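A short write-up of the structure that comes next.
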Amino acid sequence: MSKIKPAKGAPHARILGVGGYRPVRVVPNEVILEKIDSSDEWIRSRSGIETRHWANDEETVAAMSIEAAGKAIADAGIAAEQIGAVVVSTVSHFSQTPAIATEIADKLGTNKAAAFDISAGCAGFGYGLTLAKGMIVDGSAEYALVIGVERLSDLTDLEDRSTAFLFGDGAGAVVVGPAQEPGIGPTVWGSEGDKADTIKQTVPWNDFHTGDVSRLPLDSAGNIKFPAITQEGQAVFRWAVFEMAKVAQQALDAAGISPDELDVFIPHQANVRIIDSMVKTLKLPEHVTVARDIRTTGNTSAASIPLAMERLLATGEAKSGDTALVIGFGAGLVYAATVVTLP
Ligand SMILES: CC(C)(COP(=O)(O)OP(=O)(O)OC[C@H]1O[C@@H](n2cnc3c(N)ncnc32)[C@H](O)[C@@H]1OP(=O)(O)O)[C@@H](O)C(=O)NCCC(=O)NCCS
């Protein structure tokens with residue numbers, strides 16, 4: 001017989017507030033075309049992207065997170081001291097240790113909240129949300145903050161025509177807290193490490209550090225290139241289109257939601273053609289609002305789902321209480337899908 005008392009958390013968890021931060025600088029495709037042989041028409045038609053935001057020196061990972069999280073906390077109607085845990089998903093915070101989450105938790109004014117970073121690429125928001133739900137139901141935290149934040153412009157090779165136009169910067173955050181009814185369904189998640197090479201950093205930090213020009217990529221001026229994200233676009237595209245629609249369907253089934261009962265679909269914003277293909281495969285009815293935030297935001301990895309969620313609510317395209325399917329997928333390869341009630 002275990003001597004440990006049963007958990008005394010909330011019966012269920014839900015998202016109580018959402019907030020986003022988009023860097024001030026808007027970058028149109030014309031700027032991308034300065035360094036690659038392409039066209040505005042090609043970028044729009046192959047990816048759906050028209051503009052993206054790039055962060056300036058002041059718009060750091062911490063600064064953008066604090067802005068987005070502050071809005072999410074206000075939206076949830078709670079005080080920062082009530083936050084018991086801060087989970088930050090990012091791949092573009094360049095200090096290995098300590099986690100940036102601790103600085104964010106402190107600057108937000110939490111009361112020594114548990115704080116840590118996770119690395120789950122473009123599935124990071126779903127991974128963080130799953131952890132947060134567990135904490136609330138378990139009683140380890142009354143409220144948890146999940147932040148997805150990226151400065152992917154720092155990890156973009158502007159001379160690589162297969163990726164230069166894709167990525168953007170920004171932060172999205174949600175507050176997860178107690179609920180009387182289920183507000184976050186079971187997560188369908190996983191990893192396919194056998195495909196790890198399809199999205200990766202061009203050069204690991206330790207190789208970059210050696211400065212050995214014989215082993216490092218050089219730019220057109222002969223300078224060593226900073227490490228960047230590279231991908232096998234077509235392979236990832238095919239995987240996303242064929243495999244992720246199945247995962248999305250499994251998340252609907254796990255939550256007991258039929259496509260007819262769904263109000264909103266917020267997939268990771270990687271490519272508008274992937275989004276359109278998933279809508280078709282899932283046979284989502286006309287009434288379902290589909291996030292296509294990629295047009296003006298680009299791919300912001302872990303930030304893309306909460307940013308898209310915030311925008312749909314802000315523009316009135318979605319409303320509080322709507323039932324939404326969210327799915328993230330990317331480097332790893334990893335994925336996470338779940339059905340949530342919108343804040
Ligand atoms: C990157 C991506 C937009 C490229 O689109 P695509 O339709 O697959 O393009 P392809 O790589 O097949 O290239 C098609 C053609 O366009 C050319 N091309 C590639 N990049 C180009 C560019 N920026 N401008 C113009 N032409 C380009 C290619 O050379 C190729 O020419 P070819 O037919 O003469 O050989 C797409 O593969 C994609 O979105 N992949 C998945 C991204 C994703 O989900 N990532 C998740 C990471 S988080």
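Both ligands and their constituent atoms are indexed starting at 1 by order of listing. All values below come from the heavy atoms of this structure, side chains included, with hydrogens, waters and symmetry mates left out. Please read these numbers as outputs of a predicted model, since none were measured by experiment.
The contact set between ligand 1 and Ile274, taken as ligand atoms under 4.0 Å from a residue heavy atom, comprises 44 (O). In the vicinity of Ala270, heavy-atom distances shorter than 4.0 Å reach the ligand 1 atoms 43 (C), 44 (O). Against a heavy-atom cut-off of under 4.0 Å, Val236 is close to the following atoms of ligand 1: 43 (C), 44 (O), 45 (N), 46 (C). Ligand-side atoms of ligand 1 in range of Gly233: 37 (O), 40 (N), 41 (C), range being under 4.0 angstrom from any heavy atom. For ligand 1, the atoms lying closer than 4.0 Å to a non-hydrogen atom of Phe165 are 3 (C), 23 (N). Each of the following atoms of ligand 1 lies closer than 4.0 Å to a heavy atom of His268: 48 (S). Near Arg46, with a cut-off below 4.0 Å to any heavy atom, the atoms of ligand 1 are 3 (C), 7 (O).
In terms of protein heavy atoms, atom 8 (O) of ligand 1 is closest to Gln234 CG, 3.5 Å. Nearest to atom 16 (O) of ligand 1 among the protein's heavy atoms is Trp42 CZ2, 3.4 Å. The protein atom (non-hydrogen) at minimum distance from atom 45 (N) of ligand 1 is Gln231 OE1, 3.0 Å. In terms of protein heavy atoms, atom 28 (C) of ligand 1 is closest to Arg161 NH1, 4.1 Å. For atom 48 (S) of ligand 1, the closest non-hydrogen atom on the protein side is Cys122 SG, 2.7 Å. Of the protein's non-hydrogen atoms, Asn271 ND2, 2.6 Å is the one closest to atom 39 (O) of ligand 1. Among all non-hydrogen protein atoms, the one lying nearest atom 1 (C) of ligand 1 is Ser162 O, 3.7 Å. Closest to atom 5 (O) of ligand 1, if we only count protein heavy atoms, is Arg273 NH2, 3.5 Å.
Counting only distance, with no hydrogens or angles, the side chain of Glu59 and the backbone of Asn56 share a donor-acceptor pair below 3.5 Å.
Shown here, atom 34 (O) of ligand 1 is out of close reach of the protein: none of its heavy atoms lies under 4.0 Å off. In this structure, atom 37 (O) of ligand 1 has protein heavy atoms in its sub-4.0 angstrom surroundings. Within a 4.0 Å radius of atom 30 (C) of ligand 1, the protein contributes no heavy atom. Put simply, atom 20 (N) of ligand 1 has protein non-hydrogen atoms near it, under 4.0 Å away.
Side-chain atoms of Ser47 and Phe165, non-hydrogen and from C-beta on, do get closer than 4.5 Å to each other. Counting heavy atoms from C-beta outward, Leu16 and Pro343 have side chains that stay 4.5 Å or more apart. Looking at His93 and Asp117, their side chains come closer than 4.5 Å, going by heavy atoms from C-beta outward. The closest side-chain heavy-atom distance from Ile66 to Leu108 is below 4.5 Å.
When heavy-atom distances to ligand 1 are checked against a 4.0 Å cut-off, Ile199 comes that close only through its side chain, counted from C-beta outward. For Thr163, no heavy-atom contact with ligand 1 is shorter than 4.0 Å.
Taking the charged nitrogens against the carboxylate oxygens, Arg22 and Asp293 do have a contact shorter than 4.0 Å, which makes a salt bridge. Salt-bridge check for Arg44 with Glu41: failed, with every basic side-chain N at 4.0 Å or more from each acidic carboxylate O. Checked for salt-bridge contact, Arg273 and Asp276 miss the test: no charged N lies under 4.0 Å from a carboxylate O. The existence of a salt bridge linking Glu317 and Arg292 is excluded, since no basic side-chain nitrogen approaches an acidic carboxylate oxygen closer than 4.0 Å.
Side-chain contact check for Glu159 and Ser220: at least one donor-acceptor pair (N or O, by modelled atom type) lies under 3.5 Å. One side chain, Glu150 or Ser92, offers a donor N or O that lies under 3.5 Å from an acceptor on the other. No hydrogens or angles considered: nothing links the side chains of Gln96 and Trp205 as a donor-acceptor pair under 3.5 Å.
Phe208 and Phe226 have perpendicular rings, their planes meeting at more than 60° on a 0 to 90° scale where under 30° would count as parallel.
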